[in-house]
Amino acid sequence: TASISGDQHLLPYVYQAEVGGFFREAVDPYVRATAIEGDRGVVVDLNRTNPAKWTPGAANKPAFSGKPTDAVIYETHVRDLSIDSNSGIPVAHRGKFLAFTDYNTTTTQVVTNKKTKKKTVVKTKNPSGTSAIKDLGISHIQFLPIYDYASVTEAKPTFNWGYDPKNFNVPEGSYATKPADPVNRIMELKTMIQSLHDNGIRVIMDVVYNHVWDAGSFSQEQLVPGYFFRKTASGEYANGTGVGNETASERPMVRKFIVDSVKYWATEYNLDGFRFDLMGIHDIQTVNEVTAALKAIDPTIIVIAEGWNMGTLPDDQKANQVNIAKLNNVAMFNDQIRDGLKGSVFNATDTGWATGKISAAADVYAGIVGNTDYSASFLTKWTTTAPGQSVNYVESHDNMTLADKLTASVKGISPAGVAQLSQFASSVAFLSQGVPFLQAGQEFLRSKNGNENSYNADDATNSLKWSTKVKYAATTKYYQGLFALRAAHPAFRMSTTAQVKANLKFLKTTNDVIAYSLNGKAVKDKASTIVVIHNPNPGAATVTLPNKKKWEIVVKGGVAGTKTIESITAGKVSVAGQTTMVLTQK
């Protein structure tokens, strides 16, 4: 240890360690603030980084049960949201944390005077930015990495997803209005979080503890060579992540670092959840220590993760999908329903159940019940212990957007067809038991021009085109209706496998239609029974209902919500092709 008397707020510092007779210099691995570009640490008095209205603590967060099935997660990227010139966000805030503090913004459009040819920027009535997200009815925003990452020059930022950690406990400077000011980035991130909390939105942080930008130059490797990363038998860095290195979470001080880091973000920044990148690289004990520490801080914090089977740990130690029964309070992305609905993400032209491949129905059935142990006849590729462990989605930042996938896989599809199939595929995932998840812009048919790995593509490719929201307003409204319906009915949000097995019953159908009933009365729903019907056929299909009593149709065709569209008393109903119908009964 070393100590210096007096107030050392904003004092730059680095560590120097003698290793094998040589002196190595590195930034403090636990550093809280840095100079621009993150190469030198800065001493910081965190009390001086709090915004004027900063109100940390679980009691000051938006109301939330803490049950993952009550969440609706909206994934976005700080720069994506506002960088487009038509976003309506103030220029100074575009691509920055502060863009999420701008409310009541609308898109703009350039209008040319026919006589003078003069161009002027005109505001529209189309909500953009955070106001538009809030209107959608989501509960949580999940941000792609907002820690300090290496791939972007903070002084002159360009686009990158940010999955290349440099300083794990420091906010990314390129998202700050003054990246050279060590306090500014901390204060503006807190300002963003507080603003979202004030508007009823919780915040999830994407964390990447499984690898770093460059293992050789990373601070931990410089200070204690050979400890932080796994090595092969020949002494090279293990590469289970596919990006050159993988952290050794099973080692006590690496595990401690990960747990300490997550606790720091949860307390200092008042975060509401974490999304773990490539959690399968980590060991089970580390993940369980992480979730236990988070629940002790705030029981309503949720953790979601990529649970792919990767890395060099023994299979029984990996914190992945297959071992999810050994993990506490973790939900994992459900690639089975994702690919079942739209086709493999590794084959652009492959189709899924929602796009014509009826043989993929088994994957959809598994996803509808949250990949629970519902029935021995259900072929779950991995099995949850509760529906809240299944994150149900058809689009994320990885791979093609849903609209691009539909364009690539469905021959001759029209723009109207893309909209209809987007609504259909999404409705299946969003109404399934588990945790609904969507990528920003999915609600207005976001396209990245077919780019399936846009991590370092330009802003033109990655930015949210808010002006297209007007063109696809019907899809946005449809999503909004699905989320409102889900919020209004606990039957869509069952939290145990026993509830799902007892209260979700599949109905006998023909022509490959999937239909099921939900026993609302058993879970204190205002509807005694709910019936959900998904028709994948191009033409209409007739389905027999459980009884001939009065049914209220709340989802039909391109309309979804909680209001009755029409009432019927017949024992059968006709469902239009490639659409979802939902009926309720008191």
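Source: prediction; values computed, not measured. Numbers for residues simply follow the sequence, beginning at 1.
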Examine distances only and state if a side-chain atom of [X] and a backbone atom of [Y] form a donor-acceptor pair shorter than 3.5 Å.
X    : Y    : answer
T106 : T124 : yes
K405 : S344 : yes
T384 : G370 : yes
T401 : R446 : yes
N288 : K326 : yes
E443 : T476 : no
Q321 : M332 : no
D272 : V203 : yes
Q442 : Q439 : yes
R486 : D70  : no

Do we see a donor-acceptor contact under 3.5 Å between the side chains of [X] and [Y]?
X    : Y    : result
S87  : D84  : no
N537 : N535 : yes
T291 : N328 : no
T312 : E246 : yes
D277 : N210 : yes
T107 : S467 : no
T584 : K586 : no
T300 : R202 : yes
Q585 : N547 : yes
T349 : N347 : yes
N392 : S390 : yes

Let's go through R338 and D398 carefully: what are the C-alpha distance in whole Å and the side-chain angles of both, what is the deciding distance for salt bridge (Lys or Arg N to Asp or Glu O under 4.0 Å) to 0.1 Å, and is it a yes or a no? CA-CA 12 Å; R338 178 198 70 191; D398 278 319; over 6 Å; no
What about F506 and F378, are their ring centers closer than 6.0 Å?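 Between F378 and F506, which both carry aromatic rings, the centre distance is below 6.0 Å.
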Ring-ring centroid check Y365 Y374, cutoff 6.0 Å: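 Ring-ring flag for Y365/Y374: false, centres at least 6.0 Å apart.
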Is the shortest side-chain heavy-atom distance between [X] and [Y] below 4.5 Å?
X    : Y    : value
Y479 : V72  : no
V345 : D339 : yes
W161 : V208 : no
I337 : S432 : yes
F424 : P536 : yes
K134 : P127 : no
H211 : I281 : no
L271 : I301 : no

Looking at [X] and [Y], does any basic side-chain N land under 4.0 Å from a carboxylate oxygen?
X    : Y    : answer
D363 : K357 : no
K448 : D404 : no
R275 : D206 : yes

If the test is salt bridge (Lys or Arg N to Asp or Glu O under 4.0 Å), which one of K556, K549, K550 qualifies with E552?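 For E552, the salt bridge (Lys or Arg N to Asp or Glu O under 4.0 Å) check succeeds only for K550.
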H77: which of Y455, F143, F159 passes ring-ring contact (aromatic ring centres under 6.0 Å, His included): F159
Run through V559, T562, L485 and flag the one making a side chain to side chain contact (heavy atoms under 4.5 Å, CB included) with V554. L485
